[in-house]
Amino acid sequence: MKEKLQQLANQLDDVMHQAQFIANWTHDSKFNAEQLENELNILIAEIWDSQQQVKALIEPQNATGETIA
């Protein structure tokens, strides 16, 4: 479980770096509207994937009443 949570933490760290990259490039007007939409769609998909993985980890524990340690 701990290994899977560490993997998710690393994945979310990557997502945060990607979000910062998008914000910086948008601020510098280096993205046009289509590029920005594409980058945001990728970012949203990665966040959605992380959310689904967390839910999958939580579901079995909710059924048995266990806590994540």
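Put simply, Leu43 and Met16 are part of two different groups of oily side chains (I, L, V, M, F, W, Y) that touch within less than 4.5 Å, one to the next. Val15 and Val54 fall into different hydrophobic clusters, where Ile, Leu, Val, Met, Phe, Trp and Tyr side chains are chained together by heavy-atom contacts under 4.5 Å. Ile47 and Ile44 end up in different hydrophobic clusters when Ile, Leu, Val, Met, Phe, Trp and Tyr side chains are linked at under 4.5 Å. Taking hydrophobic clusters as Ile, Leu, Val, Met, Phe, Trp and Tyr residues chained together by side-chain heavy-atom distances below 4.5 Å, Ile42 does not share a cluster with Phe21.
For the residue pair Asn24 and Gln20, no side-chain donor N or O sits within less than 3.5 Å of a side-chain acceptor on the partner.
Taking 4.5 Å as the limit, some side-chain heavy atom of Gln18 sits within range of a side-chain heavy atom of Ile22. Residues Asp49 and Gln11 are in side-chain contact: their nearest non-hydrogen atoms beyond the backbone lie under 4.5 Å apart. Contact annotation: the side chain of Gln6 never approaches that of Glu3 to less than 4.5 Å [non-hydrogen atoms, C-beta and beyond]. Counting only heavy atoms from C-beta outward, the side chains of Gln35 and Asn32 approach each other to under 4.5 Å.
Lys55 contributes atom NZ, which lies 13.0 Å from atom CG of Leu57 (distance to the nearest 0.5 angstrom). Rounding to the nearest 0.5 Å places CD of Glu39 at 9.0 Å from OG1 of Thr26. We find the CD-CG distance between Gln7 and Leu12 to be 10.5 Å, quoted to the nearest 0.5 Å. The CG atom of Leu8 sits 11.5 Å away from the CD atom of Gln51 when rounded to the nearest 0.5 Å.
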